[in-house]
Trainee: 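Just dropping this structure here.
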Amino acid sequence: MNFDLTEEQRAIVETTRAFVENELYPHEAEVERTGVLRRELIDEIKEKAIRAGLYAANMPEEVGGAGLDTLTWLLYEKELGRANYALHWTCVARPSNILLAGTPEQREKYLHPCMRGDTWDCLAMTEPGAGSDLRGMKATARQDGDDWVLNGTKHFISHADIAGFAIVFMATGEEDTPRGKRKKITAFFVDKGTPGFTVRDGYRNVSHRGYTNAVLEFDDCRLPSSQVLGEVHKGFEVANSWLGATRLQVAATCLGRAERALGHAIDYAAQRQQFGQQIGKFQGVSFKLADMALELKAANLLTFEAGWKYDAGTVTDQDMAMAKLKATEMLAFVADEAIQIHGGMGLMDELPLERIWRDARVERIWEGTSEIQRHIISRALLREVGG
């Protein structure tokens with residue numbers, strides 16, 4: 001494996017980092033203080049991102065994206081990850097690549113407006129009683145002639161308040177398996193404003209201020225069959241085919257945040273004087289820095305190796321689980337140690353450390369908890385020996 005970046009990759013890293021530092025960092029304090037990302041600010045930064053070629057850069061060139069390979073996309077995500085999540089997600093949006101699974105008509109109606117920045121999509125899987133166990137979802141869709149009728153509740157649905165439509169996963173029947181009955185799942189496009197579809201405010205979150213969540217309610221919400229995404233009863237296949245790399249995206253943004261925290265810790269340790277010398281000369285601090293750098297390096301290697309294997313077509317669920325697990329737990333460790341090195345100042349909002357520390361907590365939960373990642377890894381190991 002060649003670890004050198006290409007000229008194009010270096011240019012993307014430099015361009016993205018400059019954009020993050022110049023266009024996103026200045027607004028972090030406002031978003032963190034108010035918990036609100038103003039629509040005027042979204043539109044202002046979005047237009048700058050479009051001009052810079054950074055908007056929707058995750059998508060293929062044939063639909064107007066940058067056509068980045070996975071490894072380069074992760075480098076881009078790492079740089080975006082340095083900033084407040086609401087700012088970098090909403091203003092430099094990445095439409096969900098599950099939109100690519102749509103028919104030509106669905107692409108025209110849903111994908112292209114997202115690519116232009118006219119609207120946003122949101123994904124609705126999680127329910128109050130179905131988080132890690134998505135097969136346990138209770139929200140249903142039943143067929144009624146040529147229509148489908150949706151009923152149930154979804155929650156923790158990110159940025160549904162600004163999205164123009166939702167991609168909703170519903171139970172549409174059951175099938176027999178060796179382990180008993182298992183629910184069949186189907187994905188649907190649901191436009192905001194459809195009768196029977198209500199978006200309610202979600203919960204106040206300690207992590208990622210300004211990045212909202214919502215509760216979606218479906219009460220005899222009727223949709224034509226043309227709103228089915230993919231095949232009927234094949235919703236999980238659609239999700240698994242198009243959403244696998246999202247765990248790598250989470251890992252990459254964690255790398256950027258950890259790198260920022262480590263940078264602050266190194267600078268502070270080199271400048272802060274106690275007992276007549278820089279605190280970085282004390283083993284109690286210097287060893288922390290060494291451990292932080294070591295963990296960050298390991299997470300980098302796991303994440304970018306998985307990205308390289310993704311492009312080569314050899315990536316496994318185990319590879320992606322390892323990257324997500326290591327990077328998210330590494331971020332929690334690095335953020336905590338960075339605050340410890342700064343002492344009381346690390347908890348003040350004059351620095352981004354307390355935000356990074358708070359934000360780190362959710363990364364071990366969404367897109368598959370740390371426990372789910374360990375399950376995926378251990379299952380793969382046992383299967384190799386027939387376990």
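What you see below is based on every heavy atom in this structure, not just the backbone, and it leaves out hydrogens, waters and symmetry mates.
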Trainee: Looking at Phe189, is its backbone amide N or carbonyl O close enough to the side chain of Gln227 to form a donor-acceptor pair, meaning the two atoms are under 3.5 Å apart?
Mentor: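 Yes; at least one donor-acceptor contact below 3.5 Å.
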Trainee: Between Lys288 and Asp291, does any side-chain N to carboxylate O distance fall below 4.0 Å?
Mentor: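 Judged by the 4.0 Å cut-off on N to carboxylate O distance, Lys288 and Asp291 do not form a salt bridge.
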Trainee: Where is the tightest heavy-atom contact between Asn58 and Pro95, given as atom of each residue plus distance?
Mentor: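 Smallest heavy-atom distance, with atoms named: ND2-O, 3.0 Å.
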Trainee: Does this structure show an ion pair linking Glu295 with Lys326, if we count only N-O contacts that are shorter than 4.0 Å?
Mentor: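 Salt bridge: yes.
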Trainee: Over 60° means perpendicular and under 30° means parallel, so tell me whether His342 and Tyr268 are parallel, tilted or perpendicular.
Mentor: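 Parallel.
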Trainee: What class does the angle between the rings of Phe282 and Phe275 fall in, given that below 30° is parallel, 30 to 60° is tilted and above 60° is perpendicular?
Mentor: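 Plane angle over 60°, so perpendicular.
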Trainee: Would you call Arg355-Glu28 a salt bridge at under 4.0 Å N-O?
Mentor: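 Salt bridge flag = yes for Glu28 with Arg355.
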Trainee: Does the pair Arg82/Glu21 count as a salt bridge with the N-to-O cut at 4.0 Å?
Mentor: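 So Arg82 does not pair with Glu21 through a salt bridge.
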Trainee: Are Arg94 and Glu77 within salt-bridge range, i.e. N to O under 4.0 Å?
Mentor: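 Here Arg94 pairs with Glu77 in a salt bridge, since their nearest N and O are under 4.0 Å apart.
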Trainee: Other residues, nucleotides and ligands only: do more than 12 of their heavy atoms fall within 6.0 Å of CG on Asp191?
Mentor: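 Above 12, so yes.
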Trainee: Could you tell me whether Glu44 and Lys48 have a side-chain N and a carboxylate O separated by less than 4.0 Å?
Mentor: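 Salt bridge: yes.
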Trainee: Can you tell whether the side chains of Lys184 and Glu237 come within less than 4.0 Å, N to carboxylate O?
Mentor: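 Here Lys184 does not pair with Glu237 in a salt bridge, since their nearest N and O are not under 4.0 Å apart.
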Trainee: Salt bridge check: are Glu329 and Lys324 linked by an N-O gap of less than 4.0 Å?
Mentor: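 No, this pair does not count.
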Trainee: Is Arg33 paired with Asp349 through a side-chain N to carboxylate O contact shorter than 4.0 Å?
Mentor: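 The answer is no: the pair does not qualify as a salt bridge.
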Trainee: So does Phe197 get a backbone contact from the side chain of Thr194, meaning a donor-acceptor N/O pair under 3.5 Å?
Mentor: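 No: the side chain of Thr194 does not pair with the backbone of Phe197.
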Trainee: Salt bridge or not for Glu371 and Arg364, using N-O below 4.0 Å?
Mentor: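 No salt bridge links Glu371 with Arg364.
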Trainee: Less than 4.0 angstrom from a charged side-chain N to a carboxylate O is my criterion; do Glu354 and Arg358 meet it?
Mentor: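 Yes, this pair counts.
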Trainee: Do Thr153 and Glu127 get their side chains close enough for a donor-acceptor pair, meaning under 3.5 Å?
Mentor: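 Side-chain D/A pair, Thr153 to Glu127: absent.
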Trainee: Other than Leu331, which residues form its hydrophobic cluster under the rule that side-chain heavy atoms must be closer than 4.5 Å?
Mentor: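 Same cluster as Leu331: Ile356.
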Trainee: Got a second to check how far Met137's CE is from Met125's CE, nearest 0.5 Å?
Mentor: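 Output value for this atom pair is 7.0 Å.
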Trainee: Does the plane of the ring in His208 sit parallel, tilted or perpendicular to the ring in Trp366? Use 30° and 60° as the thresholds.
Mentor: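 Ring orientation of His208 relative to Trp366: parallel.
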Trainee: Between Ser225 and Asp146, does any side-chain donor sit less than 3.5 Å from a side-chain acceptor?
Mentor: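 Looking only at side-chain atoms, Asp146 and Ser225 do not form any donor-acceptor pair under 3.5 Å.
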